[in-house]
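Have a look at the structure below, then the notes.
In this chain, residues are counted from 1 in sequence order.
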Amino acid sequence: MDTSRRDFIKNTAMVVAGSALLSNDIFASPKKIVRVGVQLYSVRDAMHTDPKGSLKKLADMGYIHVEHANYIDRKFYGYTPKEFKKLLNDLALQMPSGHTVMTAHDWDTSKNDFTDKWKYTIEDAAEVGQRYVISPWLDESLRKDQDGLKRFMDQFNKCGELCKKSGMKFGYHNHNFEFSTKVGDSTLYDFILKNTDPDLVAQQMDIGNMLGAGGIALDLLKKYPGRFELMHVKDEIKSTTGQGMDGYDSTVLGTGVMPVKEIVKEAKKSGGTSQFIIEQESYQGKDPFDCVKIDLQTMKKWGF
């Protein structure tokens with residue numbers, strides 16, 4: 001992940017043949033419906049200049065599910081929740097999940113409640129049709145403060161309760177620091193998993209982000225079976241740009257150094273994973289749309 005992605009985060013699914021709009025009931029069902037989607041950050045420049053045209057290109061490729069990475073001033077890519085939902089519906093797209101950073105400041109200690117700003121975030125996510133509200137960052141000031149972390153994990157659980165009222169679930173998305181940072185005798189990632197209620201807080205495992213920091217996706221799937229409802233599906237190569245995360249750049253699925261096929265199959269089997277979201281952030285000179293088209297075709301070849 002390049003520096004612009006980190007700055008962006010700080011400031012701000014599988015094709016189901018003939019599927020109809022999915023209801024909240026799927027989350028009460030013991031058999032989750034597997035979905036493959038694409039994280040829209042994969043085509044970020046195009047989404048910035050032409051959201052509608054970009055979404056149409058993805059729909060024409062065969063994508064049904066997308067995940068946003070742009071919610072600013074109560075708008076998704078410049079559209080109100082109602083407008084963006086219509087845009088998605090017109091293209092036969094759904095957006096089961098999206099990334100919006102939650103910070104400790106989103107909890108008002110004087111009121112012992114979430115701020116209105118964060119309540120609007122949840123309200124807008126529900127309006128646009130999300131099933132998961134994913135926070136993809138953890139402020140540096142909290143990472144080694146065990147007491148502060150514990151309070152923040154309590155806030156995670158409370159947000160899970162808030163999301164549940166709207167038929168959604170709160171979740172967390174990892175980067176690399178969760179594996180390079182120690183909290184006591186365990187990693188920060190272990191601390192997060194041990195201090196969040198799996199009924200309230202889903203984990204979205206990014207298998208590529210963790211690689212250079214020592215996180216091994218297959219090992220984590222076996223260590224915490226059933227804990228990873230969502231996954232960012234990536235492949236990685238040694239970085240040639242100098243901008244990658246811990247010396248790695250993402251690349252087209254199946255062409256890098258990671259056993260991605262084995263990981264996604266294990267995630268489906270034992271990880272509790274039903275939401276597989278393709279994300280590619282670097283392209284080795286290829287067009288980003290060409291990359292995510294090949295990525296989807298690869299997932300289909302793997303049986304997703």
Side-chain angles (χ1 to χ4, degrees), residues 13-23 26-27 29 31-44 47 54-69 88-89 91-99 128-134 136 168-169 171 173-174 202-209 217-218 221 226-236 250-256 258-281 283 288-304:
M14 148 200 124
V15 178
V16 180
S19 66
L21 291 177
L22 300 173
S23 70
I26 67 168
F27 296 104
S29 170
K31 183 175 178 59
K32 296 284 183 80
I33 296 175
V34 176
R35 297 183 282 193
V36 169
V38 63
Q39 165 55 250
L40 294 174
Y41 190 77
S42 303
V43 290
R44 54 195 172 274
M47 281 299 298
S54 301
L55 291 170
K56 186 178 186 307
K57 284 185 180 181
L58 295 171
D60 289 345
M61 289 176 196
Y63 279 104
I64 292 177
H65 302 106
V66 298
E67 178 180 81
H68 81 77
L88 293 170
N89 288 344
L91 293 168
L93 292 171
Q94 300 171 48
M95 193 165 69
S97 55
H99 281 197
V128 82
Q130 286 179 224
R131 298 296 178 263
Y132 292 94
V133 178
I134 309 295
M168 299 186 296
K169 194 166 184 178
H173 169 91
N174 69 276
Q203 297 298 327
Q204 184 180 66
M205 179 194 287
D206 188 309
I207 65 175
N209 282 353
L218 283 170
L221 289 167
R227 288 299 303 272
F228 305 100
E229 294 182 40
L230 308 95
M231 176 173 283
H232 266 201
V233 182
K234 289 181 179 175
D235 208 343
E236 301 284 330
S250 60
T251 192
V252 170
L253 294 180
T255 66
M258 298 186 66
V260 184
K261 181 178 179 180
E262 185 181 356
I263 292 169
V264 294
K265 288 187 177 295
E266 184 63 33
K268 184 179 177 182
K269 176 184 175 183
S270 65
T273 311
S274 61
Q275 318 297 301
F276 294 87
I277 296 123
I278 292 163
E279 183 178 43
Q280 190 173 335
E281 299 161 303
Y283 319 100
F289 285 102
D290 291 340
C291 290
V292 296
K293 182 177 182 178
I294 297 169
D295 291 334
L296 179 60
Q297 292 170 345
T298 300
M299 287 291 283
K300 288 181 178 181
K301 289 177 184 176
W302 292 344
F304 288 82

Which residues pass the side chain to side chain donor-acceptor pair (under 3.5 Å) test with [X], not counting sequence neighbours?
| X | answer |
| --- | --- |
| E67 | Q39, S97, H99, Q204, H232 |
| K56 | D60 |
| D290 | none |

**Request:** Decide, yes or no, whether a salt bridge links E281 with K234 under the criterion of side-chain N to carboxylate O below 4.0 Å.
**Result:** yes

Should [X] and [Y] count as side-chain neighbours, where that means a heavy-atom distance under 4.5 Å?
| X | Y | result |
| --- | --- | --- |
| L55 | M47 | yes |
| E236 | T251 | no |
| L93 | L58 | no |
| R35 | F276 | no |
| E279 | V233 | no |
| L88 | V66 | yes |
| V38 | M61 | no |
| D235 | V252 | no |

**Prompt:** Between F289 and K57, is there a cation-pi geometry (under 6.0 Å to ring centre, at most 45° from the normal)?
**Reply:**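 Yes, K57 lies over the aromatic ring of F289.
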
**Prompt:** Looking only at atom types and distance, does a side-chain atom of Q94 sit under 3.5 Å from a main-chain N or O of P96, one as donor and one as acceptor?
**Reply:**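 Answer holds: no.
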
**Message:** Looking at Y41 and Q280, would you say the former's side chain and the latter's main chain have a donor-acceptor pair under 3.5 Å?
**Reply:** no

**Request:** Compute whether any side-chain donor of one residue and acceptor of the other, for H173 and Q203, lie under 3.5 angstrom apart.
**Result:**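 Side chains of H173 and Q203: no pair found under 3.5 Å.
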
Identify each donor-acceptor pair in which a side-chain atom of residues 263-271 lies under 3.5 Å from a protein atom, sequence neighbours left out, and give them as a table.
from	atom 1	to	atom 2	distance (Å)
K265	NZ	W302	O	2.7
E266	OE2	S270	OG	2.5
S270	OG	E266	O	3.2

